[in-house]
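The structure appears right after this line, and notes come after that.
Everything numeric in this text was worked out from a predicted model, so none of it was measured. Note: hydrogens, waters and symmetry copies are ignored here, and every other heavy atom, side chains too, is used. Residues: numbered from 1 along the sequence shown.
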Amino acid sequence: MKNNGRNYYIDFLKFIFSIIIVFYHSWLFTGVFGDGYFNRGFYAVDFYFIVTGFLFINSIEKLTKKKTKENIGLLNLKFIFNKIKQLLPNILFIFIIGYLLVYRTGALDYHKLFSNSNITELLFSGFLSQGMFINKSCWYISVMIIVLFILFPIAYKLKKNYNYLIAPLIIIGTIGLCSYLKIDINDPLGSDFIFINGFYKGIIFINLGVIAYEICNYIKEKQLTQTISFTIIETCIYLLLIANMQFDICGSYLIAILFLIGIAITFSNTSYSSKLFTSPIFQKLGKFGFILYLNNIPVRTFLLDKHHASYNEMLILYWVITIALSIVSYILSETVLPKYLEKRKNRKNEN
């Protein structure tokens, strides 16, 4: 762990789970759900939501300690703006790539590009509609941003009451609602009640991240030092979760509990992972994984329209094109654009 306090094992896991998600999205090449690799890979999204919830409440705790007198609404907007600012370059480049790939398939009618339905999907990024046609993977980003926007003022105003009381009640209430209305949270682009199902998934798992935060703090406060035991538990949890994404061993809510425990242990730095994963290269891997996640859907759409081959042949093409485009996107968003903006900033300072 470096001095900036970043957990590089979490970054490495982001990369691993993004690979699983890309494999999961390849099932369409078989034509039959369940015939590809990692056909329960949608569970990997749970990891991202729980980590988001953990970091969200950690940010709230830091803000409350500063005792700023700024308006809560303004603080919320700043918080969300910073989130969007971090994601925007990647999303922008990949949206352009997605548009070019989908447009090239002929599936996107240029004359209808600015129709009301397309503009609505662009504004809501798939939150209230069935997902952006150009890149349906954006549902996760829009849900994350909107859920955080809703939760920020509640969590900031109520502080510890939120962590111990409100977050668990939100989780229980949302699970109850989903059960009563038979909402399938693992079908994120489905729409069974008001919003897309992914919204309810985001509400549940981001708040589970809040619980993980408190468990992590408990481990730290009690100074639990069973490094070997925590390492074994942590490793077994992640291996079981990955195996489940291939073999469907257990259900969604048990997976959520396992993710919660694993993430709490990882962030507590009580296992050997904090000693093994200490290089900033893992942060770059995590970012690259996010770009892989964004790029794969437009590539899949393109290949489904242009090629008809065996599953394995399509899978190879899918990975080669996705990786190539992701490398280009990574270079543009993480290297070229920052350097360009830095040069502009220096010129302004000189003037």
Side-chain angles (χ1 to χ4, degrees), residues 4-7 10 14 45-88 124-125 127-128 139-178 183 185 188 194-221 253 256-257 259-269 290:
N4 62 7
R6 190 175 187 91
N7 193 301
I10 289 289
K14 287 179 181 178
V45 179
D46 301 355
F47 171 82
Y48 293 96
F49 274 134
I50 293 175
V51 169
T52 295
F54 186 102
L55 297 175
F56 162 69
I57 208 66
N58 186 51
S59 298
I60 293 289
E61 293 286 343
K62 288 178 180 177
L63 282 171
T64 54
K65 286 177 182 177
K66 288 181 180 179
K67 296 181 180 179
T68 177
K69 293 182 180 179
E70 279 190 278
N71 180 278
I72 191 171
L74 185 59
L75 282 174
N76 192 4
L77 289 175
K78 283 183 178 179
F79 177 78
I80 296 301
F81 175 77
N82 287 332
K83 283 285 180 187
I84 295 173
K85 186 179 177 182
Q86 294 168 17
L87 300 172
L88 193 58
F124 288 107
S125 298
F127 175 62
L128 294 175
W139 76 267
Y140 162 75
I141 299 163
S142 61
V143 165
M144 178 186 69
I145 294 298
I146 293 172
V147 170
L148 293 181
F149 181 76
I150 293 169
L151 295 181
F152 182 94
I154 307 170
Y156 182 81
K157 195 74 176 174
L158 300 175
K159 300 176 184 176
K160 281 296 180 182
N161 284 329
Y162 183 87
N163 297 15
Y164 292 115
L165 179 63
I166 297 172
L169 286 175
I170 290 174
I171 294 167
I172 294 168
T174 308
I175 290 174
L177 178 69
C178 291
I183 296 171
I185 61 172
I194 303 179
F195 307 123
I196 62 167
N197 298 348
F199 173 74
Y200 306 105
K201 187 182 188 80
I203 283 283
I204 293 169
F205 285 89
I206 285 176
N207 278 290
L208 282 172
V210 175
I211 308 300
Y213 177 83
E214 288 302 331
I215 293 173
C216 173
N217 281 345
Y218 177 83
I219 294 171
K220 288 180 178 179
E221 288 170 6
Y253 294 127
I257 293 169
F259 263 129
L260 186 152
I261 296 169
I263 289 167
I265 292 172
T266 302
F267 271 116
S268 70
N269 298 320
F290 175 68

Interatomic distance, CZ@F259 vs CZ@F49, rounded to 0.5 Å, equals 12.5 Å

I215 versus I219: any side-chain heavy-atom pair under 4.5 Å?
yes

Sequence neighbours excluded, the answer for side chain to side chain contact (heavy atoms under 4.5 Å, CB included) partners of I175 is I171, I204, Y253

Here the pair of heavy atoms bringing V143 nearest to G198 is CG1-O, 3.5 Å

The reported gap from CG in N58 to CG in N217 (rounded to nearest 0.5 angstrom) is 8.0 Å

Rounded to the nearest 0.5 angstrom, the NZ-NZ distance for K65 and K159 is 11.5 Å

Report task. Give a yes or no on whether the backbone of K14 and the side-chain of Y48 come within a donor-acceptor separation of less than 3.5 Å. Result -> yes

Here the pair of heavy atoms bringing I141 nearest to L87 is CG2-CD1, 3.8 Å

- Message: With heavy-atom distances below 4.5 Å as the criterion, would you say the side chains of I60 and T64 are in contact?
- Response: yes

### Message
Go through it in stages, so that I can follow the logic: the residues are F195 and I203, the test is side chain to side chain contact (heavy atoms under 4.5 Å, CB included), and I'd like the CA-CA distance, side-chain angles, deciding distance and then a yes or no.
### Response
CA-CA 12 Å; F195 307 123; I203 283 283; over 6 Å; no

The complete set of salt bridge (Lys or Arg N to Asp or Glu O under 4.0 Å) pairs with one or both residues in residues 70-82, sequence neighbours excluded, reads E70-K78

Correct closest heavy-atom pair for G73 and N71 would be N-OD1, 2.6 Å

N7 side chain vs T266 backbone, donor-acceptor pair below 3.5 Å: yes

Minimal heavy-atom distance between A256 and L208, with the atoms involved, is CB-CD1, 3.7 Å

| Evaluation steps, side chain to side chain contact (heavy atoms under 4.5 Å, CB included), between N76 and I72 | CA-CA 6 Å; N76 192 4; I72 191 171; 5.7 Å; no

Between F47 and I10, the two heavy atoms sitting closest are CZ-O, 3.9 Å

Rounded to the nearest 0.5 angstrom, the CD1-CG distance for I170 and L151 is 5.5 Å

dist L260:CG -> C216:SG (nearest 0.5 Å) comes out at 11.0 Å

- Item | Residue pair F267 / L55, side-chain heavy-atom distance below 4.5 Å | yes

message: Does the plane of the ring in F54 sit parallel, tilted or perpendicular to the ring in Y213? Use 30° and 60° as the thresholds.
response: perpendicular

Here the gap from I183 atom CD1 to I196 atom CD1, rounded to the nearest 0.5 Å, amounts to 11.5 Å

Can you tell me if N207 uses its side chain to pair, donor with acceptor, with the backbone of G53 under 3.5 Å? no

Heavy atoms of A167 and V210 approach each other most closely as CB-CG1, 4.0 Å

Taken in chain and number order and not counting sequence neighbours, the residues that satisfy ring pair (Phe, Tyr, Trp, His ring centres under 6.0 Å) with F79 are F56, F152

